[in-house]
Amino acid sequence: MSEKQTFPAAAARLTQTLASATSDGNDVKSAINWFLDLLPGAANKEAAAAMESLAGVFETGSVENAVNAIMLCGYLVEKGYEGKHFIGALERLTIKNLDIAEPLLKASVTVMETTDDEDEDPYEAVDKMRETVATEHPDQVKADDWLEKIYPCLVSTYSSDLQLFNKG
């Protein structure tokens with residue numbers, strides 16, 4: 001590896017790899033491993049810059065790479081770094097997807113509330129309804145799937161910082 005062995009270099013490579021449409025799984029894995037290997041020596045401001053940079057991938061990379069960026073930011077929060085450096089981008093993505101998925105989410109609640117447990121499992125009833133919605137409104141299902149992937153990062157970020165929780 002000809003790149004300098006610093007955390008900022010690893011963070012830059014990771015962001016570039018996740019943002020690239022041509023990166024394959026091996027490229028991503030290598031960049032993530034290098035990033036994580038150098039994380040223990042990172043200064044707070046370097047980790048903050050990395051989170052800000054990764055936040056730029058949340059909506060520009062492939063879904064898989066965006067989820068990787070989100071999960072890495074969540075991991076950094078779990079390691080004690082402040083989530084304020086990416087929470088704005090994550091909140092925007094969440095609100096966007098909530099707006100799109102809202103009809104599906106409301107319908108899911110209705111199905112759960114009106115399904116008789118004796119006749120049918122409410123969760124199975126929701127799954128059936130989602131299958132129907134998937135053909136008519138695939139954007140709603142896709143947005144709901146996004147929400148399922150990103151909520152753990154939201155929870156950990158808000159749980160780690162009372163000021164962010166009260167502000168968000």
Side-chain angles (χ1 to χ4, degrees), residues 6-19 23 25 28-113 121-123 126-127 129-130 133 139-168:
T6 66
F7 182 77
R13 179 172 155 223
L14 175 61
T15 300
Q16 180 182 21
T17 301
L18 293 176
S23 296
V28 171
K29 184 178 179 180
S30 173
I32 289 172
N33 286 338
W34 190 36
F35 178 86
L36 293 175
D37 286 348
L38 294 176
L39 176 61
N44 284 340
K45 73 177 191 174
E46 293 172 336
M51 287 186 278
E52 289 171 2
S53 181
L54 287 169
V57 179
F58 291 0
E59 293 192 70
T60 59
S62 71
V63 171
E64 185 177 344
N65 286 349
V67 169
N68 280 326
I70 292 166
M71 292 299 118
L72 285 164
C73 285
Y75 177 77
L76 291 172
V77 167
E78 294 292 328
K79 289 295 189 185
Y81 297 100
E82 295 180 326
K84 68 182 181 182
H85 305 289
F86 69 88
I87 195 66
L90 190 58
E91 287 173 338
R92 285 188 297 280
L93 181 61
T94 301
I95 290 167
K96 174 183 155 187
N97 283 291
L98 278 170
D99 287 344
I100 295 167
E102 183 178 14
L104 173 63
L105 298 172
K106 286 181 176 180
S108 296
V109 169
T110 300
V111 168
M112 292 292 287
E113 292 175 343
D121 178 14
Y123 294 101
V126 168
D127 288 342
M129 184 265 306
R130 278 179 56 95
V133 172
D139 57 322
Q140 292 177 18
V141 174
K142 181 180 176 185
D144 185 43
D145 290 345
W146 255 111
L147 292 168
E148 189 174 323
K149 291 173 183 160
I150 62 181
Y151 89 86
C153 185
L154 279 170
V155 170
S156 68
T157 302
Y158 285 135
S159 297
S160 72
D161 188 329
L162 185 59
Q163 285 182 321
L164 280 182
F165 179 79
N166 290 331
K167 185 178 171 185

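All of these numbers come straight from a predicted model, not from anything done at the bench. Numbering of residues begins at 1 and proceeds along the displayed sequence.
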*Thinking salt bridges, do E59 and R92 make one under a 4.0 Å N-O criterion?*
no
*Report the distance from atom CG of L36 to atom CG of L72, rounding to the nearest 0.5 Å.*
6.0 Å
_Spacing of CG belonging to N68 relative to OG1 belonging to T17, to within rounding of 0.5 Å_ = 11.0 Å
*Search all heavy atoms of C153 against all heavy atoms of M71 and return the closest pair with its distance.*
CB-CE, 4.4 Å
*Minimum side-chain heavy-atom gap E64-V28 below 4.5 Å*: no
*Out of curiosity, D144 CG to Q140 CD, how far, rounded to the nearest 0.5 Å?*
9.5 Å
*asked:* Using 0.5 Å steps for rounding, measure from the NE2 atom of H85 to the CG atom of L54.
replied: 12.5 Å
*Between T15 (side chain) and A12 (backbone), is there a donor-acceptor pair under 3.5 Å?*
no
*asked:* Tell me whether S53 contacts the main-chain N or O of A49 through its side chain, where contact means a donor paired with an acceptor under 3.5 Å.
replied: no
*If every non-hydrogen atom of L98 is compared with every non-hydrogen atom of L105, which pair is closest and at what distance?*
CD2-CD1, 3.9 Å
*Take R130 and D145 through the test side-chain contact (heavy atoms from CB on, under 4.5 Å) and record every step on the way to the result.*
CA-CA 11 Å; R130 278 179 56 95; D145 290 345; 2.8 Å; yes
*What are the two closest heavy atoms between S108 and M129, and how far apart are they?*
OG-CE, 3.3 Å
*Show your working on side-chain contact (heavy atoms from CB on, under 4.5 Å) between L147 and T94 and close with a plain yes or no.*
CA-CA 7 Å; L147 292 168; T94 301; 4.0 Å; yes
_Sidechain-backbone polar pair: S23 side chain, A19 backbone, donor-acceptor under 3.5 Å_ = no
*For residues E78 and S156, report the shortest heavy-atom separation together with the two atoms involved.*
OE2-CB, 2.7 Å
*Just jot down the side chain to side chain contact (heavy atoms under 4.5 Å, CB included) partners of A143, sequence neighbours excluded, or say none.*
N97, I100, A101
*Can you see which heavy atom on P8 is nearest to which on E46, and at what distance?*
CG-OE2, 3.5 Å
_Note, W146 side chain near V67 side chain (heavy atom, < 4.5 Å)_ = yes
_For V111 against P122, the heavy-atom pair lying closest together_ = CG1-O, 4.4 Å
_I want to check something: taking the side chain as every heavy atom from C-beta on, are F58 and L90 in contact at a cut-off of under 4.5 Å?_
yes
*Calculate, to the nearest 0.5 Å, the distance between atoms CG and CG belonging to D121 and D127 respectively.*
8.5 Å
*To the nearest 0.5 Å, tell me how far I150 CD1 sits from L93 CG.*
4.0 Å
*Can you say whether the rings of F7 and F35 are parallel (under 30°), tilted (30 to 60°) or perpendicular (over 60°)?*
tilted
